[in-house]
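The chains referred to below are lettered A, B, ... by the order of the sequence lines, with proteins before strands, and numbering in each begins at 1.
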Protein chains: 2
Amino acid sequence: MGERRSGTRERIQAVAVELFAEHGYDKTSLREIAERLDVTKAALYYHFNTKEAIVVSLFEDLIAGLDAIIGWAEEQPRTLETRQEILRRYARLARERPKGMMRFIQESKTTMQELAPGEDLQCRFRTLTGMLHGPDASLTDHLRTSLALITTSAAVFMLKDTDSTDEERYDAGLELALELVAGAPVESSTR
Amino acid sequence: MGERRSGTRERIQAVAVELFAEHGYDKTSLREIAERLDVTKAALYYHFNTKEAIVVSLFEDLIAGLDAIIGWAEEQPRTLETRQEILRRYARLARERPKGMMRFIQESKTTMQELAPGEDLQCRFRTLTGMLHGPDASLTDHLRTSLALITTSAAVFMLKDTDSTDEERYDAGLELALELVAGAPVESSTR
DNA sequence: GTCTATAAGGTGATAGAC
DNA sequence: GTCTATCACCTTATAGAC
């Protein structure tokens, strides 16, 4: 589609995701976003037809990225190395998202669930979790892989009150995630 | 304080926590709660002065329970057995809460944070996490204990789409939590 | 692309009768 | 304890000028 430039659209997205992560989607009004950008609410409506459309646009890249990982993983053997590479790719993807985005997903799950991209995302996460353990994994294994996915993207803000850099937090998250999936043996199902 | 009976106060709490967990605090209006109970909004205000007061009342027991665990733990030696017993007590506490309560905490963190009990809770969770690892634990250890606490109370709804009973989910959560803190060695600081 | 002005509706909360 | 009626406020969203 068209790529008209003036940057306002991108600025709206950046401010929105930041505010959504900080105060939540419901408590962030279009008035607040507009004020932050020093434009009027009506200007926002030129770029996005609804408030929800902002959210939708925000998650497009993430969903595409998840699909890419899933697509790649489907063609790989179900080995531990593959599972760990899934986590590494997911870590990179999460890390490249705008500040606050993964936090919004993780800490506003209830809200997300009622938004359009919420179901799309949840579906991808379920698929990914399923790939990290075998088809008949134990409940504990299931939990282990779910936690692995969470810690990979959430370590950054979960460790917010520790004395460390973002870099170190990301690394710690991935490290623990790799350890978690390594502890979840899968039955080598060749199909 | 007085314990006037008619049960309406308790019914309000029960419906509220359920709706808060399902649709979030902001999207749950007093009108909705009132309709569900077949009373008017005004009736709600006889029992609770504000919407937030409902939330506050909801978390009183949980906070008291957390303080009890913290108080007990402070008098124990910093051994692995103590740390695991903390998790067992926390598991029992979480399990005894009304349906939806722990889910509301976990999946509406952003909202909770802006509510009165949010800070109180977060403070207790920080304390508890600190007790599960040593004072100079690594970032990974810190993460391990945070995840232990989360999985203990969140396994029930994290495993919602698996074929299992609530009982089994609770047990799986506690099992993984115990395993996580066992993997986080603390420097035996006698003080 | 951005503005002013306004519509239409829901929200938390209050007053006062019963 | 619960009701009816109402308030002030804020929200998302739209119409139309520039």
Taking the basic N atoms (NZ, or NE/NH1/NH2) and the acidic carboxylate oxygens, is any pair closer than 4.0 Å for B:Arg92 and B:Glu96?
no
Looking only at heavy atoms, what is the nearest atom pair of A:Leu132 and A:Arg83, with distance?
O-CD, 3.0 Å
Once you build an axis from the first five pairs and another from the last five of the helix from C:dG1-D:dC18 to C:dC18-D:dG1, how far apart in angle are they, to 10 degrees?
10°
Just the atom pairs and distances: protein N or O near nucleotides 15-18 of chain C's N or O, under 3.5 Å.
none

How about A:Leu66 and A:Leu121: do any of their side-chain heavy atoms sit closer than 4.5 Å?
yes
Is B:Arg31 paired with B:Glu35 through a side-chain N to carboxylate O contact shorter than 4.0 Å?
yes
Under 4.0 Å between a Lys/Arg side-chain N and an Asp/Glu carboxylate O for B:Asp26 and B:Lys51?
no
Carboxylate-amine/guanidinium contact B:Asp166 B:Lys99, below 4.0 Å:
yes
Would you say the side-chain atoms of A:Gln106 and A:Ser153 include a donor-acceptor pair closer than 3.5 Å?
no
Sidechain N-carboxylate O distance under 4.0 Å for A:Arg126, A:Glu119
no
Salt bridge check: are B:Arg103 and B:Glu22 linked by an N-O gap of less than 4.0 Å?
yes
At their closest point, which heavy atom of B:Thr152 faces which heavy atom of B:Ala177, and how far apart are they?
OG1-CB, 3.2 Å
Give me, pair by pair, the N or O atoms of the protein and of nucleotides 10-13 of chain C that are less than 3.5 Å apart, along with how far apart they are.
| unit_1 | atom_1 | unit_2 | atom_2 | d |
| --- | --- | --- | --- | --- |
| C:dT11 | OP1 | B:Ser29 | OG | 3.3 |
| C:dT11 | OP2 | B:Arg31 | NE | 3.0 |
| C:dG12 | OP1 | B:Lys51 | NZ | 2.9 |
| C:dG12 | OP2 | B:Leu30 | N | 3.0 |
| C:dG12 | N7 | B:Lys41 | NZ | 3.2 |
| C:dA13 | OP2 | B:Tyr45 | OH | 2.9 |
| C:dA13 | OP2 | B:Lys51 | N | 2.9 |
| C:dA13 | O5' | B:Tyr45 | OH | 3.3 |
| C:dA13 | N6 | B:Lys41 | NZ | 3.1 |

Are A:Tyr46 and C:dG1 close enough that a side-chain N or O sits under 4.0 Å from OP1 or OP2?
yes
Is any side-chain nitrogen or oxygen of B:Thr40 closer than 4.0 Å to OP1 or OP2 of D:dT2?
no
Could you check how far CG of B:Leu37 sits from P of D:dG1, rounded to whole Å?
15 Å
